[in-house]
Amino acid sequence: MAADSTHKLKARLPRGLSDRGAAEIALSRTMLEQIRTVYELYGFEAVETPAIEYTEALGKFLPDHDRPHEGVFSFQDDDEQWLSLRYDLTAPLARYVAENFDRLPKPYRSYRYGWVFRNEKPGPGRFRQFMQFDADTVGAASVAADAEICMMAADTMERLGIARGSYAIKVNNRKVLDGVLAGIGLGGRDKAHQRLTVLRAIDKLDRLGPEGVRALLGAGRKDESGDFTKGAGLAKEQIELVIKYVLTRRSRTGGVKSAIEALGKRALSFISAIDNSPAGIPAGDNAQTLASLRSEFGLNPTANEGLDELQQIAELAGAAEYKEDRIVIDPSVVRGLEYYTGPVYETELTFEVKDDDGRPVRFGAVAGGGRYDGLIARFRGEPVPATGFSIGVSRLMAALRHLGKGEEKPAAGPVVVTVFDKDRVADYQRMVMQLRDAGIRAELYLGDGRMGPQLKYADKRGAPCVVIQGGDEHARGEVQIKDLIEGAKAAEAIASHKEWRETRPAQFSVPETKFVEAVREVLARHGIDHH
RNA sequence: GCAGCUGUAGCUCAGUUGGUUAGAGCGCCUGACUGUGGAUCAGGAGGUCGGUGGUUCAAGUCCACCCAGCUGUACCA
């Protein structure tokens, strides 16, 4: 392509993807580290699989016809086999476990994180490439495994600095849903499509409210843009039963005092304060919820089985002091319409997040999971019970970033050693090395320019201080150290440029032999880490 | 995918009922200030007005189609 100045290439990022800068990477690294710490504490071990799998291994979406299923990034290998970028970490884990089944300890407890890809419409907290962090227990049929994962989810949120009450681990069971639907005459193979429509409607309770769900269960619903969604076409009594079921959870509303507390870590420090906006906390009384569900729907054996499991989870969690302010039974949780077979859970943030224009932003669940006893069986022919969950790190991070109201404090930059005299670059380089040997981030100014541009550069880099040695200092065996942070403060009181330059605020001279020590003191004064 | 709204400088926006050479603030660069980041002042660079076609003597402005973004909705393994 010719470098034609009138038709230059437009630099642009494909939508749904994002570049990340230093501050974001630092935050991400901290979050991953904190999640990992909790998972390790629970005894899970690390495992990693590649981003690409055979398409057939990822699910039922084989690229039939000529083109692969939309939503998945797929391509053909040399041998014409279809490959796809993974769209979650669960299907690849199932492949890995099935392939290495004989040598893995059972139950096999593992965690992994990585990028996953979905080719769908992006939105707030929805990306085409995003990071997930999963933990799974394979080979344990006991609901104790599910209960443990719910507790771990709660621990993880708190470890990430999200205060109790500002998140909720909501639990439900697919068997209860199935039982309830069978109870209103939606059992059986021929009603599968209608069942799906009902489940989708239930899933929208948070977003549309009971009235919206009612409409979707009946004739249909018209949204605010005038678009119409066809409903499930249920009769009045059926609708009321489903609504009754969905609203069984006793929710109460309360204010969130401080959603984010004790973030401590510097990488998270840009998250300043959040609104004290009241938010609905999906609290409730699990025992009451269960009792109501049982009296209404317990006659159905499938539902009853699911309720037993939910009860065990609630009891196990409760015995470990994980009460309803953390883990709450919520009949409206549907999740993963396809492969979940028993308990399902999702984590929601209960505080409101607003965008730059002050409008509320809906992020949806930041983590989710459940029991998928059938997934590994696809590879092995024998049922292998498994349960796990996944944190949407990218979405969670997007939500937390929105709380920061845009102000991101970049991490401190390196100490910049300026080049005063071009003939003495070697000397300056040696000073840089002395700083580095002392464990201090440092760099030589590598650009061209006089002192002005060099200091401007240091300022832009967030350098805590610069080192200057001109001819005069050199002759005296001294170096100048300029504290840029202190200097910026002093500048507020200085009005004239002349005075500004002559006073040289926050700048001092030290003997050459002591300059590393002096730099170290400046860093310590500003609380900047170094070895 | 469907629907609504929006596209003017790097960013936020103004631009009269269609009328000379399309503006402002912020940001960026240069200088005042030849050994010093800020502030102030002066100057400068930066636009095929999202694209294409049409109506008109004349289009940033009106019309059609396309593209992109935002919001809602659908789908989401």
Side-chain angles (χ1 to χ4, degrees), chain A residues 5-8 10-16 55 57-62 69-72 84 86-88 90-91 94 116 118-124 126 128 196-197 200-201 203-204 207-208 212 216 220-230 334-340 355-357 359-362 364-365 368 372 375 413 416 418-421 445 449-474 480-507:
Chain A
S5 60
T6 59
H7 287 98
K8 65 184 170 207
K10 189 171 183 189
R12 60 201 189 111
L13 188 66
R15 66 179 184 157
T55 302
L58 291 182
K60 56 174 191 169
F61 297 98
L62 304 180
H69 186 269
E70 54 191 89
V72 184
S84 294
R86 63 187 174 192
Y87 51 76
D88 68 15
T90 307
V116 303
R118 296 187 190 182
N119 191 7
E120 46 185 32
K121 184 190 159 187
R126 297 186 68 160
R128 294 205 294 173
L196 199 62
T197 311
R200 283 172 186 159
D203 201 33
K204 293 176 175 61
R207 209 145 42 85
L208 307 179
L216 284 173
R221 173 180 179 271
K222 189 180 270 192
D223 71 44
E224 58 197 62
S225 75
D227 204 17
F228 184 77
T229 309
K230 196 170 182 299
V334 177
R335 276 213 82 73
L337 304 170
E338 235 23 80
Y339 57 60
Y340 290 120
D355 67 11
D356 296 340
D357 300 327
R359 289 175 301 203
V361 181
R362 203 175 285 283
Y372 50 97
L375 199 55
V416 172
T418 55
V419 175
F420 192 97
D421 181 351
Y445 179 74
R450 302 189 312 273
M451 215 27 58
Q454 298 199 38
L455 283 171
K456 238 176 208 171
Y457 168 83
D459 194 43
K460 218 165 224 175
R461 286 297 310 274
C465 65
V466 296
V467 174
I468 303 168
Q469 191 184 48
D472 300 348
E473 292 87 358
H474 186 47
Q480 295 274 343
I481 292 170
K482 191 179 183 71
D483 182 337
L484 295 185
I485 298 170
E486 206 53 48
K489 281 185 208 152
E492 288 166 20
I494 300 176
S496 93
H497 189 71
K498 192 170 180 210
E499 183 193 356
W500 158 253
R501 276 177 64 167
E502 282 170 359
T503 54
R504 290 186 177 170
Q507 183 170 339

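Chain naming here is simple, since letters A, B, ... match the order of the sequence lines and numbering starts at 1 in each. All values below were derived from every heavy atom in this structure, side-chain atoms included, with hydrogens, water molecules and symmetry-related copies excluded.
- A:E473 comes within 4.0 angstrom of a nucleotide base, judged by non-hydrogen atoms across all strands.
- One interatomic measurement links the two molecules: CG of A:L58 to P of B:C76, which rounds to 17 Å at whole-angstrom precision.
- For B:G7 and B:C13, the C1' atoms lie 13 Å apart once the distance is rounded to whole Å.
- Across all strands, A:A458 comes closer than 4.0 Å to no nucleic acid atom at all (heavy-atom distances).
- For the P atoms, the distance from B:U8 to B:G69 is 14 Å, rounded to whole Å.
- At whole-Å resolution of the value, CG in A:L455 and P in B:C33 are 18 Å apart.
- Rounded to an integer number of Å, the gap from A:D203 CG to B:A77 P is 9 Å.
- Summarising the geometry, the separation between NZ on A:K498 and P on B:G38 is reported as 19 Å, rounded to the nearest angstrom.
- Atoms CZ and CD, on A:F420 and A:E473 in that order, are 7.0 Å from each other to the nearest 0.5 Å.
- The P atoms of B:U52 and B:C67 are separated by 15 Å, rounded to the nearest whole Å.
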| request: Check the pair A:R118, A:D88 against side chain to side chain contact (heavy atoms under 4.5 Å, CB included), reporting the backbone distance first and the verdict last. | output: CA-CA 9 Å; A:R118 296 187 190 182; A:D88 68 15; 4.0 Å; yes

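- Distance from the side chain of A:I468 is smallest to B:G35 among B:G37, B:G35, B:A77.
- A:Y457 comes within 4.0 angstrom of no nucleic acid atom, judged by non-hydrogen atoms across all strands.
- In this structure, A:L216 atom CG and B:C75 atom P are separated by 9 Å, rounded to whole Å.
- Taking the 5.5 Å centre cut-off and the 30° plane limit, the aromatic side chain of A:Y87 is classed as stacked on B:A77.
- Among the atoms of the strands shown, none is found under 4.0 Å from any heavy atom of A:R86.
- The side chain of A:K121 sits closest to B:A74 out of B:G38, B:G35, B:A74.
- Interatomic distance, A:T229 OG1 to A:R200 CZ, rounded to the nearest 0.5 Å: 11.5 Å.
- Residue contacts for A:D88: at a heavy-atom cut-off of 4.0 Å it reaches no nucleic acid atom on any strand shown.
- The phosphate of B:G35 (OP1 or OP2) has no side-chain N or O of A:R450 nearer than 4.0 angstrom.
- Per the geometry, NZ belonging to A:K230 stands 15 Å off P belonging to B:A74, to the nearest Å.
- Between A:K482 and A:T418, the closest side-chain pair of non-hydrogen atoms is not below 4.5 Å.
- Note that OH of A:Y445 is 9.5 Å distant from CG of A:L455, once rounded to the nearest 0.5 Å.
- For the atom pair A:T503 OG1 and A:I494 CD1, the distance stands at 4.0 Å (nearest 0.5 Å).
- Among the heavy atoms of the strands lying under 4.0 Å from A:S496 is at least one base atom, whether or not backbone atoms are also near.
- RNA chain B is contacted by both A:I494 and A:E120; A:I494 maps to the nucleotide lying nearer its 5′ end (nearest heavy atom per residue).
- Counting to the nearest Å, the P atom of B:A32 and the CD atom of A:E499 are 20 Å from each other.
- Distances were taken from every side-chain heavy atom of A:R504 (C-beta onward) to each of B:G37, B:C76, B:G35; the shortest belongs to B:G35.
- In this structure, A:L208 reaches the sugar-phosphate backbone alone: every heavy-atom distance under 4.0 Å involves primed, P, OP1 or OP2 atoms, never a base.
- Rounded to a whole angstrom, the distance from the P atom of B:C65 to that of B:U21 is 31 Å.
- Aromatic stacking is marked for A:H497 over B:C33, as both cut-offs hold: 5.5 Å for the centres and 30° for the planes.
- The side chain of A:T229 lies closest to B:U73, out of B:G37, B:U73, B:C75.
- Here, B:G37 and B:G25 have their P atoms 25 Å apart, quoted to the whole Å.
- Taking atom CD1 of residue A:I485 and atom P of nucleotide B:G38, one finds them 16 Å apart after rounding to whole Å.
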| query | For RNA chain B, what is the dot-bracket line, given that a base pair needs Watson-Crick (N1 to N3, plus N6-O4 or O6-N4) or G-U wobble (N1-O2 and O6-N3) geometry with both distances under 3.5 Å, and | means paired with another strand? | reply | (((((((..((((.....[...)))).(((((.......))))).....(((((..]....))))))))))))....

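- Between A:L375 and A:T90 there is a side-chain heavy-atom pair separated by less than 4.5 Å.
- B:C63 sits 38 Å from B:G44 when the P atoms are compared, rounded to a whole Å.
- Taking the P atom of each, B:A22 and B:G27 are spaced 25 Å apart, rounded to whole Å.
- Within the nucleic acid shown, A:K204 comes within 4.0 Å of sugar-phosphate atoms alone, with no base atom in reach, counting heavy atoms only.
- For the pair A:R207 and A:A463, nearest-nucleotide mapping onto RNA chain B gives the more 5' position to A:A463.
- Proximity of A:R15 to the phosphate of B:G69: a side-chain N or O atom is located under 4.0 Å from OP1 or OP2.
- Residue side chain A:R126 reaches the base of B:C76 through a donor-acceptor N/O pair under 3.5 Å, judged by distance alone.
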Contacts table for residues 485-492 of chain A: side-chain donor-acceptor under 3.5 angstrom, sequence neighbours left out:
none

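- If you check B:G37, B:A77, B:G35 against the side chain of A:K482, the one that comes closest is B:G37.
- Atom CZ of residue A:R128 and atom CZ of residue A:R15 lie 6.0 Å apart, to the nearest 0.5 angstrom.
- Atom C1' of B:C5 sits at a distance of 26 Å from the matching atom of B:A24, rounded to the whole Å.
- To the nearest 0.5 Å, atom CD of residue A:Q454 and atom NZ of residue A:K456 are 13.0 Å apart.
- Looking at heavy-atom distances under 4.0 Å, A:Q507 makes contact with a base.
- Of all the heavy atoms in A:A201 and A:L216, the pair that sits closest is CB-CB, 3.8 Å.
- Checked by distance alone, A:K489 brings no side-chain donor or acceptor within 3.5 Å of a matching partner on the base of B:G38.
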